[in-house]
Each structure stands twice: as structure tokens, then as C-alpha cells.
Amino acid sequence: MKINTKCVQSGYEPQNGEPRVVPVSMSTTFKYDSTQTVGDLFDLKADGFFYTRLANPTTAAVEKKIADLEGGTAAMLTSSGQAATTLSVLNLASSGDKIVSSSEIYGGTYNLFNVTLKRMGIDCIFVDPDDTYGLEKAVKTKGVRAVFGETLANPALKVLDIEKWAKVAHGANVPLIVDNTFATPVLCRPFEFGADIVIHSTSKYMDGHAVSLGGVIVDGGRFDYKKGGFKQFTEPDESYHGVVYTESFKDAPFVTKARVQLMRDLGSMISPMNAFLLNLGLETLHLRMPRHSENALEVAEFLKKDKRILSVSYPGLQTDGQHAKCKKYMNGSGSGVISFDVGDKEKAARLMDSLQLAKIVVHVADARTGVLHPASSTHRQLSDRELAEAGIKPGMIRLSCGIEDKADIIADLKQALDNM
Ligand SMILES: *Cc1c(COP(=O)(O)O)cnc(C)c1O
């Protein structure tokens with residue numbers, strides 16, 4: 001099936017007389033007729049549900065859909081994008097190990113890698129995504145267990161050269177994790193370019209309506225854990241009845257281990273209600289992503305022509321430095337987020353306070369157009385010098401184009417620019 005059909009149909013196939021729409025199974029637990037059946041479930045010999053922290057029918061249907069959309073073998077939903085990132089790294093690296101990450105990543109991920117995982121004994125080597133030599137050198141460092149990057153970096157709007165990153169990671173027998181939140185599988189499927197694990201904050205475009213937090217980890221099913229010496233996959237897990245993930249779950253050892261070991265112990269499962277809401281969002285993802293991209297392109301072109309604006313970043317613009325990679329990895333569609341610089345904080349505030357359709361929100365990637373001023377919100381604690389170091393200009397505004405009529409978004413920007 002084509003991706004448009006998968007968005008609508010994948011993951012749930014009702015039997016005779018069953019609900020047409022995947023039901024919300026708001027139940028923490030499930031009932032069985034015999035102790036033997038429950039024993040088989042615990043031994044992973046039978047498929048089924050026993051406790052919603054590990055698996056739930058609603059959640060499972062949505063996981064199946066997302067695995068299908070990404071072209072992966074299995075997926076596991078989590079309570080947030082942060083939980084997905086955390087579990088994907090902890091599934092590979094332990095205290096004393098290292099990871100390598102692109103320096104152009106989401107701020108929350110940066111803090112996780114730079115502060116919290118570091119405190120847990122996992123060090124992160126950050127590299128400029130375009131510095132091939134730096135990447136090769138970092139990946140060869142002793143103890144590196146994972147390489148991490150974002151397809152379309154939030155907020156830098158840089159496109160990751162996934163093919164190159166996968167090649168370098170595989171040269172050292174280390175898997176590549178790609179955060180595909182901003183592109184979504186509609187615009188890019190990182191497995192097709194060599195990624196091994198894909199993660200998302202489903203709170204963004206996948207949900208698409210700013211109603212539910214969530215995250216997901218998708219297993220590409222191809223990485224050779226034996227070759228990389230990942231004993232936690234290739235030797236018996238004594239904490240789970242001696243299961244060997246690469247033998248009993250050849251297709252999806254990564255997600256199986258993340259579920260039965262890490263989700264069991266750390267417990268950051270999505271709620272079935274949130275999984276249900278996420279599924280409603282996914283049913284129109286293939287309609288929304290082209291519309292977000294089309295609107296953002298026209299808005300970016302409009303902003304670029306305005307003399308009062310110093311610079312515009314949007315990978316969908318032909319003149320943007322990221323456009324060649326955007327063509328290769330995202331079919332030339334730039335997704336919905338634009339950043340532009342009006343010069344200083346005061347102008348940025350006047351422009352944003354004058355906007356009417358576009359609302360000030362600390363969020364991106366939903367159906368409604370929103371704006372964010374990093375220097376006075378998400379990066380407020382930084383001095384002007386620190387802002388410069390983080391690549392954030394005081395007058396920079398992040399605009400998340402919704403799926404309204406683009407003429408209305410542009411008219412709103414026009415009147416706000418006149419008030420600036
Ligand atoms: C928002 C975001 C996250 C974190 O996701 P939450 O659902 O907010 O925890 C991770 N990566 C990217 C690229 C994001 O935009």
C-alpha cells in the first residue's frame with residue numbers, strides 16, 4: 001500500500017461485527033482463563049496483553065501503523081518524545097559508554113545528552129553535522145555505542161546527511177538513531193537511507209492538533225548487534241527469563257528489548273487515550289504535511305522579499321543552503337517551520353504582539369499557525385553572548401505555519417510587519 005493509504009488504514013483490521021474505529025482500551029489489565037496462558041505471555045511465547053505499562057490493544061494498533069509508515073519492523077509508543085529519546089539511547093549505552101550526536105538538535109535532547117545522561121555516566125560527543133572528519137573521529141572513540149541526529153533539526157532547520165552519517169556509524173559497527181519529528185515519514189523515511197532506529201516526538205506533526213504528548217521508537221530491524229559486540233542483545237537477558245533478543249526476536253530485537261526491559265523498569269508508556277488521539281492525527285498526516293510545506297514555502301518567499309527582514313531560513317526555499325539535502329531526503333518539501341530575523345528583541349516583540357491569526361505559543365508543528373521568540377522564551381536565561389554561541393539571534397522569530405489559507409497567514413504577517 002502507498003503511504004497515503006497506510007496513514008488512514010494501517011494498524012487495525014476489524015473482524016466481523018467489531019468497531020470500525022480502533023477502540024480506546026482504557027484498561028490497565030486484561031483477563032485470562034488459565035494461569036498457563038498468563039505464564040506463556042510472560043515468557044513471550046504467546047502474543048497478548050497483560051498490563052498496559054508493557055502493551056495495550058489501542059497502543060499496539062498505533063505502534064503498528066507508525067512502524068508501517070516508517071518501513072520498520074516494530075514500534076513502541078512512549079509518554080513523550082523525551083522518553084523515546086531516553087529509552088532509545090539507554091537501550092544501547094550504559095554507564096561508562098559514550099554516544100555521538102549532531103550538535104544541531106532539539107534543546108531538550110541537548111540537555112538530556114549534555115546534563116542528565118552525563119550524570120548517569122554516559123558521555124556525549126557533539127559534532128557539527130557537516131563536519132565529516134569530526135564525525136569519523138568521534139565515532140571511532142573507544143566506547144561509542146550510538147550515533148544520533150535529527151532529519152530536520154529543530155530549531156536550526158538543518159537537514160542531516162543521513163546516508164553519510166549511517167555510513168560512518170556502520171563503519172564503526174554502531175547504529176544510527178534518527179529523530180524524524182520535523183519531517184515525519186510522509187516527507188522522509190530515514191530507514192531508506194541507512195538509519196537503524198527512528199524516533200519521534202509524536203506531540204508535533206504526527207498528533208498535529210496540539211492535543212496529546214507522545215513519542216515513538218521504531219526498529220529498522222537490520223542492524224547487526226553481533227558484529228558490533230552488543231552483548232545485551234546477543235546474550236541471555238537474566239532479567240527477562242534468559243531471552244536472547246537477536247535470536248527470539250530477529251525482526252525487532254531493539255524494540256522488544258526496549259519494551260520488556262526498559263519500559264518494564266522505567267515505565268513511561270503512553271496512555272491509551274493519547275494513543276487514540278494520536279491515531280486520529282495520523283489519519284490525515286499525508287494531507288497535512290504537503291499543506292504545511294506549501295504554506296511555509298509561500299510564507300518564506302513573502303518574508304524573503306520584505307526589506308525589513310534581515311534573513312530567512314527555510315529548507316524548502318531554492319536559495320536556502322539546506323535545499324540540496326532537502327531535495328534528496330525530503331523530496332524538496334521543507335515541512336512547516338520557518339525562522340527569520342527582524343534585527344532586535346524589541347522589533348521581534350512588536351511584530352509578535354501585533355499578530356492576530358498567528359498566536360504566541362511554546363510549541364510548533366500543529367494545524368494552527370504559531371510563533372515563538374526563542375530569545376525571550378525558550379532561551380530566555382541566556383545572555384546576548386550566549387545566545388550568539390547557541391546560534392540564536394536576538395531578533396529571530398520561529399514561525400510554525402499551520403494549514404489555514406496561506407493568503408490569511410501572509411495578510412496577518414503583512415499587517416504585523418507594518419506595526420513593527
Ligand atoms: C519536541 C521535540 C522533542 C521532545 O518531544 P516531547 O514530546 O516534547 O517530549 C524531541 N525532538 C524534537 C525534534 C522535538 O521537536
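Hydrogens, waters and symmetry mates play no part in the numbers below; they use all other heavy atoms, side chains included. Counting starts at 1 for both ligands and their atoms, following the listed order. The shown structure was predicted, so the numbers you read here are calculated from the model rather than taken from an experiment.
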Chi angles and distances behind the side chain to side chain contact (heavy atoms under 4.5 Å, CB included) call for F193, F191: CA-CA 5 Å; F193 300 101; F191 292 140; over 6 Å; no

When you compare the side chains of [X] and [Y], does any donor N or O come within less than 3.5 Å of an acceptor on the partner?
{"X": "D207", "Y": "S212", "answer": "yes"}
{"X": "R189", "Y": "N180", "answer": "no"}
{"X": "N56", "Y": "Y51", "answer": "no"}
{"X": "Q232", "Y": "D237", "answer": "no"}

Is it true that K406 and E294 have a side-chain N and a carboxylate O under 4.0 angstrom from each other?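 Result for this pair is yes, salt bridge flagged.
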
Exactly which residues line ligand 1, taking a heavy atom under 4.0 Å from it as the test? S80, G81, Q82, Y106, E150, N154, D179, T181, F182, S201, S203, K204, G214

